[in-house]
Undergrad: 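Quick one: the structure is below, and I'll ask about it shortly.
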Amino acid sequence: MRATQFLIATEKETPADAVVISHQLMLRSGMIRKLAAGLYTWMPLGLRTLRKVENIVREEMNRVGAQEVLMPMVQPAELWEETGRWFQYGGELMRIKDRHNREFCIGPTAEEVITDLARNNLSSYKQLPMNLYQVQTKFRDETRPRFGVMRAREFIMKDAYSFHANEECLQKTYEQMHAAYCNIFNRLGLDFRPVLADTGSIGGASSHEFHVLAESGEDDIAFSSASDYAANVELAEAIAPAGERPTATQTLEKVATPNTSSIEDVAQLLNVATSQVLKAIVVRGISEAEDAEEGDAGEPVVLFIRGDHELNEIKAEKLPGVLSPVQFASEEEIQSIGGVTGYVGPQNLSARCYVDRSAAHLADFVCGANEKDMHMTGSNWERDVALPEVADLRNVVAGDPSPCGQGTIDIKRGIEVGHIFQLGTKYSEALNAKVLDENGKDRVMTMGCYGIGVSRVVAAAIEQNNDENGILWPDAIAPFHVGIVPMNMHKSEEVREVAEKLYADLTAAGIEVYMDDRDKKTSPGVKFADMELMGIPHRVVISDRGLKEGKVEYKARRAEDKEEIAAEDILALLQERISL
RNA sequence: CGGGGUAUAGCGCAGUCUGGUAGCGCGCUUGGUUUGGGACCAAGAUGUCGGGAGUUCGAAUCUCUCUACCCCGACCA
């Protein structure tokens with residue numbers, strides 16, 4: 001590609017509304033342009049990389065026997081009503097009507113459509129397992145789109161769905177897909193980790209997310225310092241502190257703590273560590289009334305954790321009696337169980353209580369006295385107040401012992417670029433997707449599903465590969481492999497000839513070249529800066545000065561220094577240096 | 001959805017308080033000079049000042065209203 005024929009849309013200044021580096025660089029390099037909130041046009045430069053990511057994903061999917069399909073982006077409401085998701089899915093589901101007033105949605109995912117396809121086209125266990133995938137535009141009407149294509153409303157996802165006659169077969173495909181995902185992210189040149197993930201409302205034996213490690217990530221990942229263990233913090237188990245609970249040394253006392261309801265303030269006032277203060281969180285319970293609708297709030301439930309810890313809402317909402325999703329109780333509800341907002345403690349509460357493992361290990365702790373402006377000090381479980389049911393309620397923190405039994409927890413930020421699930425029969429049952437088994441009996445198919453956020457991968461790769469001058473593409477997904485800068489092409493016939501020949505030779509060798517043939521009005525500095533911003537990994541500068549000695553200049557985008565290379569050797573050198 | 005903010009040329013911004021014919025830098029066009037790191041000189045083009053209504057002799061500026069976008073939070077397979 002010649003610069004004079006290419007839509008170059010580089011910007012010198014950082015656009016005002018881009019916060020994360022990938023978004024800034026994608027705009028500045030001219031990869032994308034915004035159309036509206038969460039909607040982006042892929043420019044020629046960006047599309048080249050996007051397509052490369054897609055193709056790597058395709059190759060690895062095909063390699064494990066998955067077959068590509070392409071399903072409509074617009075999906076009929078009827079299918080979503082069959083699975084109940086038309087009503088469950090919130091505002092994220094973009095619902096539309098056609099001219100006949102029939103309801104449709106723009107697909108945020110395709111379980112319904114693929115399961116419908118399977119029920120209509122699969123009839124025998126002999127056809128299983130079957131793994132189908134597509135690379136398709138998805139739409140989720142995010143409450144707050146941000147970070148460019150990282151959390152856009154319209155995005156490109158590879159979604160695969162597998163169908164099986166039994167669990168064992170699903171397990172096998174799941175493992176193959178896990179391996180395929182590792183191959184994909186390795187080929188993309190990313191620093192990533194598969195991590196254990198919450199199986200959510202779907203359930204199933206296991207689920208893994210694939211995270212690209214980056215500071216700007218929106219998820220916290222817990223790692224073991226001594227093993228391969230990695231889990232989303234949402235899921236990572238906080239294990240009980242080692243050893244016996246320390247013995248009580250203080251006596252129980254009620255102390256005045258006027259206007260100090262926050263943990264920080266109480267700890268400061270009483271001169272103790274926040275870890276010695278018991279935090280009480282009152283949440284809504286599930287209604288047990290006869291006529292209650294599902295999801296109605298009932299008697300509040302009190303959760304106790306250590307003052308220095310954070311409640312894990314995912315863990316909390318799985319507790320018996322706790323309303324899911326977690327909702328905090330109102331002041332009135334807290335009063336109804338004998339508590340006072342800001343001063344809730346375990347003594348004399350008439351509510352179901354849970355205590356976190358670490359909080360259960362406390363001795364001589366400070367807690368609310370259930371009276372305004374009063375706290376208890378020297379509180380001890382069992383001596384002063386019964387120990388409630390002990391549960392894992394909190395987020396793990398750095399330094400916690402790892403739940404795998406080896407090492408301690410370290411926490412890093414990650415960008416979720418892939419997620420694999422064992423769906424089981426949730427959708428196949430709802431949509432009645434059955435095949436005949438060996439005995440001629442109907443059998444509901446077992447399913448798996450496997451997503452990769454293709455457009456998000458592009459942003460994630462930039463988050464991990466950039467410097468002060470721009471993007472540092474790995475060769476595998478670079479929009480061009482080589483950039484050629486011919487110096488003074490307009491004056492030097494020799495430079496022109498050598499540059500054109502190299503351009504032709506590289507192209508013939510299957511190497512993608514960007515030659516900056518812009519005229520003398522575009523200074524070399526601008527050409528260098530543009531190439532660096534665009535992240536082209538290999539650069540060749542051809543000049544009269546070099547050619548006098550039969551040399552051209554080569555520089556890798558990531559290298560500190562330039563190299564002088566004999567002109568006749570440059571093609572071979574590039575072929576050797578480019579790793580695809 | 002709650003809180004905060006912004007909207008002026010392709011991009012980044014000033015001008016708004018205190019009303020008086022629309023400005024700067026970058027980019028763009030033309031000509032010339034320059035030529036290995038975002039060049040210089042000269043001449044240009046580009047704006048319904050987010051939309052609507054109002055106040056006023058006169059509104060980018062004041063008032064009301066709508067919209068879009070951004071940030072924090074809540075939400076999120």
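By convention in this document, chain letters (A, B, ...) are assigned in the order of the sequence lines, proteins followed by strands, and residues within each chain are numbered from 1.
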Undergrad: With both distances under 3.5 angstrom, what nucleotide forms a Watson-Crick or G-U wobble pair with B/rG36?
TA: none

Undergrad: Between the main-chain N or O of A/W86 and the side-chain N or O of A/E81, is there a donor-acceptor pair closer than 3.5 Å?
TA: no

Undergrad: Is there a side chain to side chain donor-acceptor pair (under 3.5 Å) between A/R85 and A/Y427 once you walk through the steps?
TA: CA-CA 10 Å; A/R85 288 211 290 182; A/Y427 297 97; 3.1 Å; yes

Undergrad: Sticking with atom P, work out how far B/rC70 lies from B/rU8, rounded to a whole angstrom.
TA: 14 Å

Undergrad: Would you mind telling me which residue lines up with the more 5' stretch of RNA chain B, A/R545 or A/T143, judged by nearest nucleotide?
TA: A/R545

Undergrad: Please measure how far the P atom in B/rA42 lies from the corresponding atom in B/rC26, and state the result in whole Å.
TA: 12 Å

Undergrad: Can you tell me the distance, in whole Å, between the CD atom of A/E468 and the P atom of B/rG38?
TA: 16 Å

Undergrad: Provide the distance between the two C1' atoms, one in B/rU29 and one in B/rG50, to the nearest whole Å.
TA: 28 Å

Undergrad: Identify whether NZ of Lys or CZ of Arg in A/R558 sits under 6.0 Å from the centre of the six-membered ring of A/W473 and within 45° of that ring's axis.
TA: no

Undergrad: Looking at B/rU21, which nucleotide sits across from it as a Watson-Crick or G-U wobble partner, both distances under 3.5 angstrom, or is there none?
TA: none

Undergrad: Output the rounded distance in Å from CZ (A/F328) to P (B/rG73).
TA: 15 Å

Undergrad: Which nucleotide, in any strand shown, forms a Watson-Crick or G-U wobble pair with B/rA68, with both distances under 3.5 Å?
TA: B/rU6

Undergrad: May I have the distance from A/E553 (atom CD) to B/rG37 (atom P), rounded to whole angstrom?
TA: 11 Å

Undergrad: What is the distance from atom OG1 of A/T341 to atom CD of A/E332, rounded to the nearest 0.5 Å?
TA: 8.0 Å

Undergrad: Going by purine N1 to pyrimidine N3 plus the second Watson-Crick contact, or the G-U wobble pair, all under 3.5 Å, which nucleotide sits opposite B/rA42?
TA: B/rU30

Undergrad: Going by atom types alone, do A/E112 and A/T83 pair a side-chain donor with an acceptor below 3.5 Å?
TA: yes

Undergrad: Side chain of A/E416, heavy atoms from C-beta onward: which of B/rC69, B/rA77, B/rA74 has the nearest atom to it?
TA: B/rA77

Undergrad: If you only use heavy atoms from C-beta on, which nucleotide in B/rA77, B/rG38, B/rC69 is closest to the side chain of A/A36?
TA: B/rC69

Undergrad: So what does A/R33 hit on the nucleic acid, given a heavy-atom distance under 4.0 Å: a base, only sugar-phosphate, or nothing?
TA: nothing

Undergrad: When you get a sec, tell me which of B/rG38, B/rU34, B/rG73 is the closest nucleotide to the side chain of A/K520?
TA: B/rU34

Undergrad: With heavy atoms under 4.0 Å as the rule, sort A/A529 into base, sugar-phosphate or nothing.
TA: base

Undergrad: Please tell me which of the listed nucleotides, B/rG38, B/rA77, B/rU35, lies nearest to the side chain of A/H490?
TA: B/rU35

Undergrad: Could you pick out which residue, A/R144 or A/M157, lies toward the 5' side of RNA chain B when each is mapped onto its nearest nucleotide?
TA: A/R144

Undergrad: Using Watson-Crick or G-U wobble geometry with both distances below 3.5 Å, tell me the partner of B/rU16, or none.
TA: none

Undergrad: Given B/rA77, B/rG12, B/rG37, identify the nucleotide with an atom nearest to the side chain of A/A16.
TA: B/rG12

Undergrad: Could you work out the separation of B/rG10 and B/rC1 based on their C1' atoms and round it to a whole Å?
TA: 35 Å

Undergrad: Which base, if any, makes a Watson-Crick or G-U wobble pair with B/rU48, both distances under 3.5 Å?
TA: none

Undergrad: Please confirm whether any donor atom in the side chain of A/K521 sits under 3.5 Å from an acceptor in the base of B/rG32, or the reverse.
TA: yes

Undergrad: Should the side chain of A/D530 and the base of B/rG38 be counted as holding a donor-acceptor pair, with the cut-off at 3.5 Å?
TA: yes

Undergrad: Would you measure the distance from the C1' atom in B/rA22 across to the matching atom in B/rC13 and give it in whole Å?
TA: 14 Å

Undergrad: When you measure only distances, ignoring hydrogens and angles, does the side chain of A/R539 come within 3.5 Å of the base of B/rG37 through a donor and an acceptor?
TA: yes

Undergrad: Take the protein atom NZ of A/K527 and the nucleotide atom C1' of B/rA39, then report the distance between them rounded to whole Å.
TA: 14 Å

Undergrad: Measure from the side-chain N and O atoms of A/T446 to the backbone N and O of A/G424, and report whether any donor-acceptor pair falls under 3.5 Å.
TA: no

Undergrad: Quick one: which of B/rA77, B/rC11, B/rC70 gets closest to the side chain of A/K34?
TA: B/rC70

Undergrad: Name the closest nucleotide to the A/D17 side chain, picking from B/rG36, B/rC69, B/rG38.
TA: B/rC69

Undergrad: Can you identify which nucleotide, out of B/rG32, B/rC71, B/rG12, has its nearest atom closest to the A/V19 side chain?
TA: B/rC71

Undergrad: B/rU63 pairs with which nucleotide, Watson-Crick or G-U wobble, both distances below 3.5 Å?
TA: B/rA53

Undergrad: Using atom CD of A/E209 as one end and atom C1' of B/rC76 as the other, report the distance to the nearest whole Å.
TA: 12 Å

Undergrad: Could you check whether the side chain of A/S523 and the base of B/rG38 have a donor-acceptor pair of N or O atoms closer than 3.5 Å, going by distance alone?
TA: no

Undergrad: Of the nucleotides B/rG36, B/rG38, B/rG12, which has the atom closest to the A/E13 side chain?
TA: B/rG12

Undergrad: Got a salt bridge between A/D159 and A/K138, using NZ or NE/NH1/NH2 to carboxylate O under 4.0 Å?
TA: yes

Undergrad: Tell me: CD of A/E218 to P of B/rA74, nearest whole Å?
TA: 12 Å

Undergrad: Does this structure show an ion pair linking A/D219 with A/R413, if we count only N-O contacts that are shorter than 4.0 Å?
TA: no

Undergrad: Say you draw a straight line from CG of A/D467 to CD1 of A/I471; how long is it, rounded to the nearest 0.5 Å?
TA: 10.0 Å

Undergrad: Starting at CD of A/Q88 and ending at P of B/rA77, how long is that distance when rounded to a whole Å?
TA: 12 Å

Undergrad: Should the side chain of A/R151 and the base of B/rC76 be counted as holding a donor-acceptor pair, with the cut-off at 3.5 Å?
TA: yes

Undergrad: Pick the C1' atom in B/rG52 and in B/rA14, then give their distance to the nearest Å.
TA: 27 Å

Undergrad: Let's see if you can work this out: which of B/rC76, B/rG38, B/rC72 has an atom nearest to the side-chain heavy atoms of A/E142?
TA: B/rC76

Undergrad: What contact category does A/N488 fall into here, base, sugar-phosphate, or nothing, at under 4.0 angstrom with non-hydrogen atoms?
TA: base

Undergrad: Any N or O donor-acceptor pair under 3.5 Å from the base of B/rG27 to the side chain of A/E11?
TA: no

Undergrad: Phosphate oxygens OP1/OP2 of B/rC70: is one of them under 4.0 Å from a side-chain N or O of A/R146?
TA: no

Undergrad: Under the salt bridge (charged side-chain N to carboxylate O under 4.0 Å, His left out) rule, what do A/K158 and A/E54 come out as? Steps first, then yes or no, please.
TA: CA-CA 8 Å; A/K158 184 283 301 179; A/E54 281 181 22; over 6 Å; no

Undergrad: Distance between the C1' atoms of B/rC64 and B/rA59, in whole angstroms?
TA: 15 Å

Undergrad: Is a donor-acceptor pair below 3.5 Å formed from side chain A/E532 to base B/rG37, judging by atom type as modelled?
TA: yes

Undergrad: How far, in whole Å, is B/rG2 from B/rA39 if one measures between their P atoms?
TA: 49 Å

Undergrad: How close or far is atom C1' of B/rG2 from atom CD of A/Q327, stated in whole angstroms?
TA: 16 Å

Undergrad: Using purine N1 to pyrimidine N3 plus N6-O4 or O6-N4 for Watson-Crick, or N1-O2 and O6-N3 for G-U wobble, both under 3.5 Å, which nucleotide pairs with B/rG73?
TA: B/rC1

